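Quick caveat: nothing in here was measured; it's all calculated off a predicted structure. Note on naming: letters A, B, ... go to the chains in the order of the sequence lines (proteins, then strands), and numbering restarts at 1 for each one.
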There are 2 protein chains.
Amino acid sequence: MSAPAQERPHLLRIGDLARATGKSSRAIHLYEELGLLQPATRSSGGFRLYEPGAVERMRWIDLLHGLGFSLQEMRGVLENWWSSEQGPAAMEELRVLFQRKLEETRESIRRHRDLERELMEGLAYLETCRACATPAAPVKGCVHCTQDHGMKEEPALVAGIMTSPEPGHRSGRGSFVRVEDIG
Amino acid sequence: MSAPAQERPHLLRIGDLARATGKSSRAIHLYEELGLLQPATRSSGGFRLYEPGAVERMRWIDLLHGLGFSLQEMRGVLENWWSSEQGPAAMEELRVLFQRKLEETRESIRRHRDLERELMEGLAYLETCRACATPAAPVKGCVHCTQDHGMKEEPALVAGIMTSPEPGHRSGRGSFVRVEDIG
DNA sequence: TCAAACCCTCACGTACAGGTTAGATTTAGG
DNA sequence: CCTAAATCTAACCTGTACGTGAGGGTTTGA
């Protein structure tokens with residue numbers, strides 16, 4: 001069983017930290033390699049031992065990951081911070097960084113809302129197919145569907161599927177049609 | 001100059017398609033390899049020639065990519081569609097799929113809004129550092145900052161940086177401190 | 001006819017964030 | 001003491017979505 005590291009009772013072993021944060025120990029190893037998190041010390045046998053604050057650091061990593069930071073970028077933030085001479089100046093840099101991320105996040109929200117709209121249009125279109133005039137027709141028929149779908153154009157989500165012919169199987173030289181063999 | 005393929009005036013060469021969609025020709029090659037898009041034909045010399053509908057297909061790929069589909073998944077959608085016997089049934093499958101994606105998209109919007117809030121809290125906290133009582137202090141001082149930041153706890157974005165000691169450089173066996181050498 | 005664009009097919013490289021062995025060691029509990 | 005569980009290092013594998021040449025053909029306009 002996992003008895004939270006007895007040598008120093010308040011220290012966590014890697015498995016404890018992993019469970020506490022929902023990450024794998026491999027991930028924690030990786031974060032260490034990349035300079036994102038160091039164990040406070042090691043056991044006499046070499047086991048990593050973490051202070052509870054490591055859990056905060058891990059959450060922080062998760063948070064920044066969600067914001068689109070790469071692990072390298074996080075390392076940059078950390079280095080930048082800890083190598084800074086003046087506290088408030090470092091704070092200012094962070095502020096600028098977060099401000100930028102805030103805008104990116106809002107942009108991302110906008111984009112996702114566009115996608116949401118796109119999906120809703122697509123769904124509205126497909127709704128109408130439930131009352132299709134030719135229920136047993138093969139899909140190829142849909143390409144020339146004359147039914148009224150209640151909108152001027154097919155939504156991109158649906159149009160993109162039908163505008164091009166079905167994709168062939170694995171491509172590969174050898175069996176393509178020369179254009180002058182067609183006309 | 002790029003004169004849009006003369007053999008059949010309405011056909012696009014790969015470069016035209018690339019420019020029309022903002023993708024690289026390499027990407028288009030890739031889509032073809034993965035069965036997402038086939039050229040309508042080839043020129044006598046082997047150049048890929050696309051119908052205008054290919055632009056729609058490309059946009060569709062982009063759209064689904066934004067929704068978190070992988071290229072393989074898109075291929076699945078396409079295959080599923082074109083191999084379906086009954087049009088409306090295929091439409092129904094699509095509908096279910098898009099419905100699921102719609103929920104995922106909304107979930108993603110929720111998550112991003114949480115991140116937005118997190119960022120705003122972090123920024124509010126850092127704002128107050130501009131009026132720091134000890135402006136010339138090194139960042140290590142911030143860890144024990146006693147200034148009033150107007151909130152009960154440090155926001156996770158800031159706390160995660162300060163709770164753990166600065167990350168060492170490249171980790172590597174050999175120079176860690178045995179726990180019993182400390183006390 | 002000729003050169004500048006353009007395109008072809010391999011085939012290997014890249015970045016990201018880990019997963020997955022493997023073989024050896026350490027720790028905790030009975 | 002002995003064993004099962006946890007951990008250690010090292011090194012290679014995965015999947016995604018392309019990028020980047022190399023080496024050589026094709027188109028096109030002048």
Side-chain angles (χ1 to χ4, degrees), chain A residues 1-9 11-19 21-37 39 41-50 58 61-62 64-66 68-75 170-174 176 178-180, chain B residues 1-9 11-19 21-37 39 41-50 58 61-62 64-66 68-76 170-176 178-180:
Chain A
M1 278 273 108
S2 69
Q6 294 306 328
E7 314 201 29
R8 285 290 180 279
L11 294 179
L12 305 169
R13 302 209 313 211
I14 199 170
D16 305 321
L17 185 54
R19 271 181 296 278
T21 60
K23 295 282 181 177
S24 67
S25 22
R26 173 63 176 106
I28 301 178
H29 284 159
L30 181 64
Y31 298 163
E32 182 176 344
E33 281 171 28
L34 296 180
L36 292 179
L37 172 64
T41 182
R42 298 265 194 153
S43 77
S44 52
F47 283 22
R48 290 168 177 80
L49 298 174
Y50 298 90
M58 293 283 285
I61 293 172
D62 249 29
L64 267 73
H65 183 212
F69 284 80
S70 72
L71 298 183
Q72 327 287 338
E73 285 175 314
M74 296 181 206
R75 183 182 168 221
R170 315 263 98 222
S171 90
R173 191 109 191 192
F176 59 82
R178 302 269 168 167
V179 75
E180 61 282 8
Chain B
M1 278 274 105
S2 68
Q6 292 307 326
E7 312 201 32
R8 285 291 179 278
L11 295 179
L12 305 168
R13 302 207 313 211
I14 199 170
D16 305 321
L17 184 55
R19 270 182 297 278
T21 60
K23 294 284 182 178
S24 66
S25 19
R26 174 63 177 109
I28 301 178
H29 284 160
L30 181 64
Y31 298 162
E32 181 176 346
E33 281 171 29
L34 296 181
L36 293 180
L37 172 63
T41 181
R42 298 262 194 154
S43 76
S44 52
F47 283 22
R48 290 168 177 81
L49 298 174
Y50 299 90
M58 292 285 284
I61 293 173
D62 248 30
L64 267 74
H65 183 211
F69 283 79
S70 72
L71 299 183
Q72 323 289 337
E73 284 175 314
M74 295 181 207
R75 182 183 167 220
R170 315 262 100 226
S171 90
R173 189 109 191 193
S175 63
F176 60 79
R178 300 270 167 167
V179 75
E180 60 282 3

Its contact letters, B for base, S for sugar-phosphate only and - for none at protein heavy atoms under 4.0 Å, make nucleotides 16-26 of chain C read SSBBB-----B
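Ala27(B) pairs by the side chain to side chain contact (heavy atoms under 4.5 Å, CB included) definition with Lys23(B), Ser24(B), Tyr31(B), not counting sequence neighbours.
Using a 4.5 Å heavy-atom cutoff, the side chains of Leu17(A) and Leu37(A) are in contact. Residues Ile28(B) and Met58(B) are in side-chain contact: their nearest non-hydrogen atoms beyond the backbone lie under 4.5 Å apart.
Computed from coordinates, the Leu12(A) CG to dA6(D) P distance equals 15 Å when rounded to whole Å. The nearest whole Å value for the distance from the CG atom in Asp16(B) to the P atom in dA5(C) is 16 Å. Between the CG atom of Leu36(B) and the P atom of dC18(D) there is a distance of 11 Å, given to the nearest Å. Atom pair Leu17(B):CG and dC7(C):C1' shows a separation of 14 Å (rounding to whole Å applied). The NE2-P distance, from His29(B) to dC8(C), rounds to 4 Å in whole Å. The CZ-P distance, from Arg19(B) to dA5(C), rounds to 13 Å in whole Å. Here the C1' atom of nucleotide dC6(C) and the CG atom of Leu49(B) are 12 Å apart, to the nearest Å. Rounding to whole angstrom units, CD1 of residue Ile14(A) and C1' of dA5(D) are separated by 15 Å.
Each of Ile14(B), Asp16(B), Leu11(B), Leu12(B) was scored for a side chain to side chain contact (heavy atoms under 4.5 Å, CB included) with Leu49(B), with one residue passing: Leu11(B).
The phosphate of dT9(C) (OP1 or OP2) has a side-chain N or O of Arg42(B) nearer than 4.0 angstrom. The phosphate of dT9(D) (OP1 or OP2) has a side-chain N or O of Arg48(A) nearer than 4.0 angstrom.
With respect to Glu33(B) and Arg26(B), a salt bridge is recorded, a charged nitrogen being found less than 4.0 Å from a carboxylate O.
In terms of heavy atoms, Arg42(B) sits closest to Pro39(B) at NE-CG, 4.5 Å.
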